[in-house]
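Here is the structure we will look at, set down as structure tokens.
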Amino acid sequence: MSKSVVVAAPRGYCAGVDRAVVTVEKALDLYGPPVYVRKQIVHNKHVVETLEERGAIFVEEIDEVPEGATVVFSAHGVSPAVHAEASERQLKTIDATCPLVTKVHNEAKRFAADGRQILLIGHAGHEEVEGTMGEAPDRTILVEHPDDVANVEVDDPSQLAWLSQTTLSVDETWETVTKLREKFPLLMNPPSDDICYATQNRQSAVKQIAKGSDLVIVVGSSNSSNSVRLVEVALEAGAKASYRVDNAGEIDPAWLEGVEKVGVTSGASVPDVLVEGVLDYLTERGYPAAVEERLTEENLTFALPPELRKDLKKRG
């Protein structure tokens, strides 16, 4: 039996996640702990625990932050109501919202200002969806799944536009859009695709390695939408089995029984050290060193939030 391990690329950190994590690290260096963060800065347990060790305090809502303290908004974005509450409490805010999420917020504002109703494709309860819906709550209808389209009712079918959460399955989103368009032929598209480049690249890369794999291991946390999607995409692309783990400690040895070809990838909020741990685990169990299959290069970077850049500059 000839065993092999293929690791997908691109995988792991995207530009928006990298910017958000560095924002909290730099804020801790600059202002000293504690620095408060509303919600998880990115959806990864390891990242959150590492920042907590350095003095970050993660809270669910703004009212848990002492008046006048520093608070960072997570990469997933917040609604205008959260900004307003932070201002009332005289908090120093640093907005680490991913610029690609901000783009969706701006599209929502523009469509609402033009009098359009917005059909937002996404998952109920996800922070990104809550933030985007908060831009135009009276004009936004959430569509979670292609099967939900049949029940969507709108005010005026000629004044409609769609947007999406940035971390969805590309294929499923297009299935939903196709069904929406069949029902509402005058549906307007966003100016550019909302699903972020990193989500699309990681899904395309896992498709490439999944085809011949007996098992695909996806490293990522359970609340990471894009990591959960990678498991679904791997199975749809032909992997015989696929599981998500936070780290190598969560691998069930039974998954490897009779398995020759293993594929490994990770979600966009996962540091590569966790992937290395999975590859080491496989090596210890008789698998050869991993071969990387690279689909494309990613060179995008985002500047740090302006509030933080200004203070860093002052500090010299």
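Note that the numbering runs from 1 along the sequence shown for the chain.
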Do Y197 and L230 share a hydrophobic cluster, counting only Ile, Leu, Val, Met, Phe, Trp and Tyr and linking them when any side-chain heavy atoms are less than 4.5 Å apart?
no
Can you list the steps and then say if E298 with R202 is a salt bridge (Lys or Arg N to Asp or Glu O under 4.0 Å)?
CA-CA 11 Å; E298 289 180 348; R202 278 148 195 69; 2.8 Å; yes
Could you tell me which residues satisfy side chain to side chain contact (heavy atoms under 4.5 Å, CB included) with [X], sequence neighbours excluded, listed by chain and number?
{"X": "V59", "result": "Y36, I57, E64, V65"}
{"X": "T296", "result": "P10, N201"}
{"X": "V233", "result": "Q203, V206, K207"}
{"X": "L235", "result": "V231, S242"}

Decide, yes or no, whether a salt bridge links [X] with [Y] under the criterion of side-chain N to carboxylate O below 4.0 Å.
{"X": "E60", "Y": "R38", "value": "no"}
{"X": "K39", "Y": "E128", "value": "no"}
{"X": "E232", "Y": "R229", "value": "yes"}
{"X": "K26", "Y": "D29", "value": "no"}

Checking [X] side chain against [Y] main chain: does a donor-acceptor pair fall under 3.5 Å?
{"X": "R244", "Y": "V228", "answer": "no"}
{"X": "S266", "Y": "G12", "answer": "yes"}
{"X": "D214", "Y": "K261", "answer": "yes"}

Over all atoms of both residues, closest heavy-atom pair of [X] and [Y]:
{"X": "V264", "Y": "L282", "answer": "CG2-CD1, 3.9 Å"}
{"X": "A75", "Y": "A20", "answer": "CB-CB, 3.8 Å"}
{"X": "T265", "Y": "R11", "answer": "OG1-CB, 3.6 Å"}
{"X": "P271", "Y": "H46", "answer": "CG-CD2, 3.6 Å"}

All ring pair (Phe, Tyr, Trp, His ring centres under 6.0 Å) counterparts of H126, not counting sequence neighbours
H43, H76
Under the ring pair (Phe, Tyr, Trp, His ring centres under 6.0 Å) test, residues paired with H83 that sit two or more places apart
F73
Report the residues that fulfil side-chain hydrogen bond (donor to acceptor under 3.5 Å, both in side chains) with E49, sequence neighbours left out, ordered by chain and then residue number.
none
Set of side-chain hydrogen bond (donor to acceptor under 3.5 Å, both in side chains) partners for K45, sequence neighbours left out
none
List the steps, then state whether side-chain contact (heavy atoms from CB on, under 4.5 Å) holds for L215 with Y243.
CA-CA 8 Å; L215 168 68; Y243 301 100; 3.6 Å; yes
Cationic tip of R285 above Y281 ring, under 6.0 Å, 45° of axis
yes
Using side-chain heavy atoms (C-beta onward) and a distance below 4.5 Å, is T93 in contact with D95?
no
Does a side-chain heavy-atom distance below 4.5 Å link E135 with N106?
no
If hydrophobic residues (ILVMFWY) are linked whenever their side-chain heavy atoms come closer than 4.5 Å, directly or via other members, who joins [X] in its cluster?
{"X": "W174", "result": "L119, I121, I141, V143, V149, V152, V154, L160, W162, L168, V170, V177, L180, F184, L187, I195"}
{"X": "V17", "result": "Y13, V21, V22, V24, L28, L30, Y31, V35, V37, I41, V42, V47, V48, L51, F58, V72, I94, L304, L308, L312"}
{"X": "V104", "result": "F111, I118, L120, V129, M133, L142, L163, M188"}

Name all residues meeting the salt bridge (charged side-chain N to carboxylate O under 4.0 Å, His left out) criterion together with R89; count only those two or more places apart in sequence or in a different chain, and write none if there are none.
none
Show the numbers, then the answer: is there a side-chain hydrogen bond (donor to acceptor under 3.5 Å, both in side chains) between S169 and D171?
CA-CA 6 Å; S169 153; D171 295 340; 5.4 Å; no
Apply side-chain hydrogen bond (donor to acceptor under 3.5 Å, both in side chains) to residues S221 and D246 and explain how you reach the verdict.
CA-CA 5 Å; S221 290; D246 254 302; 2.6 Å; yes
